[in-house]
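Numbered from 1 within each chain, the chains take letters A, B, ... in sequence-line order. Remember, predicted model here, so these are calculated numbers, not experimental data.
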Protein chains: 2
Amino acid sequence: MRKESTMTPPVGQDREQAARRGRPGYDQESLLMVCVGVFNEHGFDATSMGMLADALGITKSAIYHHVKSKDELLSLSLDRALSRLDRVMEQARQAEGTTRERFELLVRGTIRAVIEEKPHVTLLLRLRGNSPVELEAMNRRRAMTRELEARFEHAQREGGVRTDLSPRHLTRFSFGLINSLVEWYRPERDDPDQVADAAVAMLCDGILLPNGNDE
Amino acid sequence: MRKESTMTPPVGQDREQAARRGRPGYDQESLLMVCVGVFNEHGFDATSMGMLADALGITKSAIYHHVKSKDELLSLSLDRALSRLDRVMEQARQAEGTTRERFELLVRGTIRAVIEEKPHVTLLLRLRGNSPVELEAMNRRRAMTRELEARFEHAQREGGVRTDLSPRHLTRFSFGLINSLVEWYRPERDDPDQVADAAVAMLCDGILLPNGNDE
DNA sequence: GTCTATACTAAGATAGAC
DNA sequence: GTCTATCTTAGTATAGAC
């Protein structure tokens with residue numbers, strides 16, 4: 001059994017440490033991180049409890065000591081992603097300055113959140129709505145999209161953003177560009193600040209040189 | 001059995017029509033379209049043959065008359081997506097004109113392809129590499145990404161594209177913006193030309209007004 | 001081209017010992 | 001906190017009748 005247990009359960013020497021700080025075997029947090037990694041590698045639905053057990057180096061049934069179900073693992077992960085993104089939106093609401101400054105703050109904040117919570121955000125962005133847990137998370141995410149759309153509309157009226165594009169398309173394409181991070185960002189290859197600079201530059205000013213050549 | 005068969009199998013009156021044109025029951029093409037729709041709704045792995053059977057209005061076993069396996073359905077769909085995208089790349093290779101003109105051609109071609117073959121492209125973009133079929137399709141797609149990256153590098157040397165962003169980031173973010181279409185494009189809400197215009201505008205020139213306001 | 005019936009395998013989850 | 005053993009359900013796929 002247990003074909004590819006790469007990770008040895010971090011058995012603790014120092015127990016008796018006020019309940020949820022030590023880690024005799026796994027605690028819920030460390031277990032969650034391993035599971036989310038496997039979810040993202042194969043997709044949530046393609047991941048069986050057996051595969052999780054293999055990655056954890058324990059048996060299927062041992063997982064149920066930490067969580068009630070596979071869905072609870074998903075729920076815990078999605079909550080982390082959503083609460084992190086909520087904080088970004090809250091920060092954006094309170095921001096002041098020019099349109100560009102406020103937009104830049106939002107973009108950079110979102111990118112930081114996506115990078116720092118990448119495993120959880122990845123899971124969030126790939127939901128299909130197959131369970132109540134997924135549906136609720138998708139609703140929370142949808143609310144953020146709508147809020148950004150309203151923000152774009154406002155910025156257009158204020159005159160900071162071009163008005164030849166609909167708020168819908170501005171929103172969807174902007175999120176599309178940023179969210180693609182979960183599909184290709186790798187800490188070894190990509191510097192977070194450089195990535196954020198590139199996203200801001202592309203979104204604000206595009207990729208062509210102002211004095212475009214005519215060959 | 002068969003709880004929500006919305007689609008009645010299109011039983012044909014006019015048979016004997018040269019093998020693969022008529023449709024007594026389903027032919028492979030019409031069956032594929034229904035199945036791919038279900039795959040995209042729930043995700044490939046979360047879709048069982050039973051769900052396909054329900055959507056088709058036939059039984060599970062009847063599906064095996066048309067295809068050897070669930071994986072063959074996936075393979076047929078991915079082939080359609082990839083061959084369509086291959087044609088876009090081929091067209092881009094032969095294009096002439098300014099950097100902007102050639103870039104615009106590529107963007108518009110890709111967007112047309114994504115929209116016109118949306119179900120198949122959607123499936124392609126969501127692969128996790130869980131089977132040989134998926135891995136091979138991902139390789140073909142990766143080749144296209146690399147080709148675009150080389151194109152960006154070339155355009156930077158020629159002077160048409162800003163050089164403060166790496167080809168990698170230009171490529172990934174551009175594809176991210178465009179590919180997001182599969183997640184939100186809806187024919188009833190979005191006009192294809194308007195969507196393409198918006199993508200070109202954002203990618204080439206960004207979203208801010210040239211004469212940005214300082215409030 | 002589709003059906004019923006069924007073989008076979010793996011899934012998520014639980015009980016109770018250690 | 002993890003184990004073995006097991007329950008139950010659902011999965012893909014096949015055989016053979018109509």
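Annotation for B:D27 and B:H66: closest pair C-ND1, 4.4 Å, computed over non-hydrogen atoms. Of all heavy-atom pairs spanning A:F175 and A:L148, the tightest one is CE1-CD2, 3.4 Å.
Under the salt bridge (Lys or Arg N to Asp or Glu O under 4.0 Å) criterion, the residue pairs touching residues 28-49 of chain B are B:E29-B:R80, with sequence neighbours excluded.
Checked by atom type, the side-chain pair B:D197/A:H169 shows no donor-acceptor distance below 3.5 Å. Between the side chains of B:S83 and B:D86, no donor-acceptor pair of N or O atoms lies under 3.5 Å. Side-chain contact annotation: B:H120 with B:S77, donor-acceptor N/O pair under 3.5 Å present.
One atom, NZ of B:K60, and another, C1' of C:dG1, lie 18 Å apart when rounded to the nearest Å. Here C:dG1 presents its C1' atom at 18 Å from CD of B:E29, a figure rounded to the nearest Å. Atom CG in B:D54 sits roughly 13 Å away from atom C1' in D:dA10 (whole-Å rounding). Look at OH on B:Y64: it is 21 Å from P on D:dA17, rounded to the nearest Å. When the C1' atom of D:dA13 is taken as reference, atom CE of B:M49 falls 8 Å away, rounded to whole Å. If you measure from atom CG of B:D45 to atom P of C:dA11, you get 12 Å, rounded to the nearest angstrom. Across the protein-nucleic acid pair, A:I63 atom CD1 and D:dC3 atom P stand 10 Å apart, rounded to whole Å. Taking atom CD1 of residue B:I58 and atom C1' of nucleotide C:dT4, one finds them 14 Å apart after rounding to whole Å.
Each end of the helix from C:dG1-D:dC18 to C:dC18-D:dG1 gets its own axis, taken as the rotation carrying the C1' atoms of four end pairs onto the next four within a five-pair window, and the two axes meet at 10° to the nearest 10 degrees.
Comparing atom distances between the A:A62 side chain and each of D:dC3, D:dA13, C:dC3 picks out D:dC3 as nearest.
When each of A:H65 and A:S61 is assigned the nucleotide of DNA chain D bearing its nearest heavy atom, the one mapping closer to the 5' terminus is A:H65.
Within 4.0 Å of B:S69, counting heavy atoms only, lie sugar-phosphate atoms of the nucleic acid but no base atom.
For the pair A:K70 and A:F44, the cation-pi criterion (under 6.0 Å, within 45° of the ring axis) is fulfilled.
One finds no side-chain N or O of A:S48 lying less than 4.0 angstrom from the OP1 or OP2 phosphate oxygen of C:dA10.
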